[in-house]
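Here's the structure we're looking at; comments come further down.
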2 protein chains.
Amino acid sequence: MRADARKNREHLLAVAGTAITEQGVDVSLRDIARRADVGLATLLRHFPTREALLDTLLRTKLDELTANAGALETFSSPVDALVSWLRDCVAWTTEYQGAIVLMAAAIEDTESALHASCVTVRAAGARLLTRAQAAGMARTDMDGADLFALVMALSWVGDQRSLAPRADHLFNIVASAILTSAPSNAAEEERDPRTHG
Amino acid sequence: MRADARKNREHLLAVAGTAITEQGVDVSLRDIARRADVGLATLLRHFPTREALLDTLLRTKLDELTANAGALETFSSPVDALVSWLRDCVAWTTEYQGAIVLMAAAIEDTESALHASCVTVRAAGARLLTRAQAAGMARTDMDGADLFALVMALSWVGDQRSLAPRADHLFNIVASAILTSAPSNAAEEERDPRTHG
DNA sequence: ACCTGAACACCGTTCAAGT
DNA sequence: ACCTGAACACCGTTCAAGT
């Protein structure tokens, strides 16, 4: 890439990050180009779609979450690792208002530039969930896709101005539903076999 | 209202209902006007904003939910009433894709035409929750606003194509988190109140 | 290679002119 | 009273022309 092109690209990313933090992911691309002092067509040359731009901005954070999951898996108890990772996931989304909807769409759209990063995050969460389940500390009737959907839903609550004040409390309620109150043993299984599957 | 105006209004509502069912709440207003064979300005004369149009379409359904809550309060057990009402709330939103976001915004925007209907629905849910709490069947650390936010979140999951397959399962998980496992009647609880409704 | 103004087909809003 | 075409200021997309 030519030096001037690279400079444009990096400047556009910085300006876009600011604009999206301020106005959410639906901010006008024309505005971003104006604020970056380039033509709109230049922005679209570097990032052919809004999602391509978002992908570049979000990928760093998503990969951070994936890496963080690995560290937690190594150094924390199954429950602590799962819960604090989930909390991180929900927390960071407040920075880019509306990003959650793009992520939810990307997880099953293999054409999406965000697809790979979303799948990786989901897999990281699934590993933490499996670990907690193996320790008898998490309900066994859910999988990584369920966990991902719950994280998306809680993040969406944090994204809605009117619901956001309840987000923390609802997180705790949902977290308590994921965790089992007693460690694994026959009696626990017996207590309610119907909720499996 | 003049007869021709009333006819236009009703025809617009019918066409808008169809269009929104097909394409979601972000469907072009110009398209609706075209399909109704009136000028766009005529649509905007009857419904000055998109939200005003949505309000008229959604109000019927929201008031139905409120009325249904009253009936359940009278004729069903606290747990059955709460769970089956919640299920109804989450289920109907699938008809108008995207409506959930408008409702979430309206609940705290007193300027919104949807505001009153949303507040009424939230109050109806709060009554059912209070009743279940009084019977010792629901956790006491949440209120109507928490319940409303949970319903919104679960509805949003049903709204996202990639997450929708998990919606039913997540509903059951969240419902089980709202209900307390320690009942006044141990035998009833053993039967599994979570799957009612 | 890379940039960009201009044309394009959309959108919701407004309003003067028509019946 | 009610309707509406037309003008307006936006949007994202595309591309021929410039450096």
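Here is the naming used below: chain letters follow the sequence lines, and residue numbers restart at 1 for every chain.
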Tell me whether [X] contacts the main-chain N or O of [Y] through its side chain, where contact means a donor paired with an acceptor under 3.5 Å.
X        : Y        : answer
A:Gln97  : A:Val25  : no
B:His169 : A:Asp141 : yes
A:Arg122 : A:Gly144 : no
B:Thr93  : B:Val90  : yes
B:Trp92  : B:Leu62  : no
A:Thr120 : A:Asp63  : no

- Item | Along DNA chain D, first and last positions that approach a heavy atom of chain A under 4.0 Å |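 Using the under 4.0 Å cut-off, the span is D:dC11 to D:dC15.
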- Task: Just call it for A:Arg45: base, sugar-phosphate, or nothing, with non-hydrogen atoms closer than 4.0 Å on any strand.
- Result: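 Contact class for A:Arg45: base.
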- Message: Are more than 12 heavy atoms, taken from residues, nucleotides or ligands other than B:Glu111, located less than 6.0 Å from that residue's CD atom?
- Response: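 No.
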- Charged N to carboxylate O under 4.0 angstrom, A:Lys7 versus A:Asp4?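 So A:Lys7 does not pair with A:Asp4 through a salt bridge.
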- Item | Pair A:Glu73 + A:Arg131, salt bridge at N-O below 4.0 Å |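 A salt bridge is absent here (no side-chain N lies under 4.0 Å from a carboxylate O).
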- Checking salt bridge (charged side-chain N to carboxylate O under 4.0 Å, His left out) for the pair A:Arg166/B:Asp143: CA distance, chi angles, key distance, verdict? CA-CA 10 Å; A:Arg166 307 290 168 159; B:Asp143 61 11; 3.1 Å; yes
- Query: DNA chain C: stems of at least 3 consecutive Watson-Crick or G-U pairs, cut-off 3.5 Å?
  - Reply: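 So far as stems of 3 or more pairs are concerned, DNA chain C shows C:4-8 with D:12-16, C:12-16 with D:4-8.
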- Message: Near DNA chain C, counting only heavy atoms under 4.0 Å, which residues of residues 5-39 of chain A show up?
- Response: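 The stretch gives A:Ala5, A:Asn8, A:Val38, A:Gly39 as the residues lying under 4.0 Å from the strand, ordered by number.
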